[in-house]
There are 2 protein chains.
Amino acid sequence: MRFTTSAETFPAHTPAVSQIFTTVLSHGPLTRLEAARRAGLSPAAVTKAVRPLLAAGYLAEDADGEARPTLGRPANLVRVDGGRALFIGVKVTGDEVIAVLTDLCCRIRLARRLPVTDRAAKAVLTSVAELTHELRAEAEDFGAPVLGLGIAVSGDVDRAEGVVRYSPFLDWRDVALAELVATTTGLPVVVDNDVRALTVAEQWFGAGVGLSDFAVVTVGAGIGCGLVVHGRVVAGAHGVAGEIGHVAVDPAGPLCHCGNRGCVEAIAGDAAIVSRMREVTGRPVAVAAEAAALAHEGVAGAREVYAAAGDAIGRGIATVANLFGPERVIISGEGLAAYDLFAEHILDSFTAAAFGSAARCDVQTRPLAFEEWARGAAAAAIQSFITSSPTPQG
Amino acid sequence: MRFTTSAETFPAHTPAVSQIFTTVLSHGPLTRLEAARRAGLSPAAVTKAVRPLLAAGYLAEDADGEARPTLGRPANLVRVDGGRALFIGVKVTGDEVIAVLTDLCCRIRLARRLPVTDRAAKAVLTSVAELTHELRAEAEDFGAPVLGLGIAVSGDVDRAEGVVRYSPFLDWRDVALAELVATTTGLPVVVDNDVRALTVAEQWFGAGVGLSDFAVVTVGAGIGCGLVVHGRVVAGAHGVAGEIGHVAVDPAGPLCHCGNRGCVEAIAGDAAIVSRMREVTGRPVAVAAEAAALAHEGVAGAREVYAAAGDAIGRGIATVANLFGPERVIISGEGLAAYDLFAEHILDSFTAAAFGSAARCDVQTRPLAFEEWARGAAAAAIQSFITSSPTPQG
DNA sequence: TGGCTTATTTTCCGCTGTCAATAAAAGAAA
DNA sequence: TTTCTTTTATTGACAGCGGAAAATAAGCCA
């Protein structure tokens, strides 16, 4: 179910058109020949697919450019015209609403945030509408229409229906967010789980480009994981997937809010680190940054807290690698601010716990600015814009 | 790479033909209309797809049959003619080679086993050839040709290349098994990992029919897991996937042969149970059946060994469910002989450790006769027969 | 200017699956 | 018995997608 009011739609008349567009979107400017090769189509098909996209302005032709072989007809590079369309991505947390305006290439043009004082759906809805309104007003200056809105929320989100089934941080249950916001803003709205949205962003615009099997692990208040298998984001039959935070790595570990002991999140989540840091150092520690500061200062025992956290995360990642054998794991999240404190432990425990060839998985890290979550939401909106209309795709 | 010599091939000229055939294969006799609905095609397409398959004898028409609505033209049921073609499935273990002859519907017609005295590839190859020869001779009586051979081996197997990369139990490395056996037997040969092959069998002919996301967990000497995500078996970018046996559930647990502590297999594998049973009861226990007997007799401490095993398995399954959110988990394996001893603990610890809606996953058990592994290999051969030729499929 | 090489476009062409109409096979109604 | 009704299966025309091959374009180099 999609919620649209007006709507410029994407001319994805055929699978080939979708495919060529996403290929060019993800792999930067390409010659038609190269695009054909990557998409597994004939050059003729590319010419045909590109034409309507050029006409509609979604693609543009660069008068070639860089170093080209000195022989033969020069190639014409085809690229996505990012400025052709704009999208808004919104991340809703219990504390604030973050919104970004991106172009079609998912580059952030503007960012805004608004604190959340009342977590009730209605109040949050107002904030979202306000930020959206503000960004749309500013978008005028870019001379491109805003064609979609993505909203990322943590918890159990049914993207297909646009409903937030349950979000613990917001204390929401069965909020038909897409419909509500679509009615208010008149934009096509996509609602997705925050980690899945971030995963889509990596798949289309980040370190997951070109990979059919990879995982994104986010470290921060919670520990989350987005999975891409067979080229598609895993959603889970019951809306739950990627709950690496609640993989139990130590039955004797600390109690987790989920009721079990030794979940990764109960060892390496921000709250766990903070409370453990208080215990170990005896000092008042309120937020993650303070905990990291203590460790950086070399306070006795502080580094060990991060070591344990890194160890838990590494084992969680090894579990993911053992079970589905991704080509790459991308570690990201606000928690990466303290990455130097546990990087080594993550990698060591991953290597130790990964079974056989699973250890060949490429474990990378990527910094995650605060707007990235909102950008993920925008990526989901872009994806929906491109793939929805006539020809659905995975 | 496929290795074929002669070869009757499947007339899968178009995607629609493949799809209709597999739909009918998995969902028993269907009317054309019903098949169209399930496959998402028009009735006209079904008529056209069915015709060549009927002509080639792979499908047959039942003169309707059962209770039909009393109104309208009676439907003609279309079903797969299992007797049209035969396949051989072989499971190779360190102790014996098991071979079955199945029909196109993967029903076992005959089974044979041969002990392995020499694990060298060459010796095993001879056994495989011998059993194959024997079954082909008997197949004459069924009046149908043997059209493929599947071989299941535990370890790291590259199905696409037909190579056993590494099999610990057999101590094989980079054995180009498919090519070797194809040369010897003249049959098209598929080689796959044993658990994946079993998973294919469940997906096409078992409890996974119609599901796009499920897992098969095998309990026995090792603890294995096959995953189906987005309707396709997960193979892993590096050939490793589904290693639930090496998911670490307790850092203080017993040492595993993989070098880590507290792997599920180090707690619940046959060897682990046997050795733990010796420790606990002080009695000589050599094989799993004896361990189970002790527990059934009520020997002090014996039941607790199974409780711990069940607990570890349950937590491993919960980990799978938390990460993928499968619709169903099918527990199977020779270890199920002792299922009454740990069933309850598996379910309890699964329920406790599954996060949120992941607990809604349907956990089933299925007995696994010794030939089932070989049947899995046959299923892989059937799958390859149907999907290979002109139109590949996932 | 002609020749060479590589990129792109054009021009068919085959093929697939849909659509809408039609045939078929009963039981029900007249 | 004949005709209707209802449901299933089939047919034949057709649209459109993507491929192959040939033609064209666009430079560089003699």
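Remember, predicted model here, so these are calculated numbers, not experimental data. Values below: every heavy atom of this structure, side chains too, minus hydrogens, waters and symmetry copies.
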Taking OP1 and OP2 of dA23(C), is either one under 4.0 Å from a side-chain nitrogen or oxygen of R73(B)? no
Does T47(A) make a side-chain N or O approach to OP1 or OP2 of dT10(C) shorter than 4.0 Å? no
Within 45° of the axis and under 6.0 Å from the centre of the six-membered ring of Y58(A), does NZ or CZ of R84(A) qualify? yes
Which heavy atom of H230(B) sits nearest to which heavy atom of V229(A), and what is that distance? ND1-O, 3.0 Å
What do the steps show when you test R159(A) against V191(A) for side-chain contact (heavy atoms from CB on, under 4.5 Å), and what is the final call? CA-CA 5 Å; R159(A) 171 171 172 161; V191(A) 178; over 6 Å; no
Rounded to whole Å, CG of L71(A) lies from C1' of dC29(D) at a distance of 9 Å
Out of dT8(C), dG17(C), dA26(D), which nucleotide sits closest to the side chain of R32(A)? dT8(C)
More 5' along DNA chain D: E34(B) or L41(A), using each one's nearest nucleotide? E34(B)
Measure from CG on N76(B) to C1' on dA25(C) and round the result to the nearest Å. 9 Å
Over how many whole Å does the gap from L54(A) atom CG to dT8(C) atom C1' extend? 13 Å
On the side chain of K48(B), is there an atom forming a donor-acceptor pair with the base of dT18(C) - under 3.5 Å, no angle test? yes
Nearest whole angstrom, please: distance from the P of dT8(D) to the CG of D62(B). 17 Å
Quick one: does D103(A)'s side chain have a donor or acceptor within less than 3.5 Å of a partner on R107(A)'s backbone? yes
Side chain of A45(A) only, please: which of dT8(C), dA9(D), dG19(D) is the nearest? dG19(D)
What is the separation between atom CZ on R37(A) and atom C1' on dG19(D), rounded to the nearest whole Å? 18 Å
T14(A) side chain N/O closer than 4.0 Å to the phosphate oxygens (OP1, OP2) of dG16(D)? no
Tell me whether the side-chain N/O atoms of R51(A) come closer than 4.0 Å to OP1 or OP2 in dT10(C). yes
Mind calculating the distance between CD (E61(B)) and P (dA9(D)) to the nearest angstrom? 8 Å
At under 4.0 Å between heavy atoms, what does A16(A) touch on the DNA or RNA strands: base, sugar-phosphate, or nothing? sugar-phosphate
Select one nucleotide: of dA26(C), dT11(D), dG19(D), the one nearest the side-chain heavy atoms of S42(A). dG19(D)
Flag, side chain of R196(A) to backbone of V157(A), donor-acceptor distance under 3.5 Å: yes
Quick one: Q19(B) CD to dT16(C) P, roughly how many Å, whole number? 14 Å
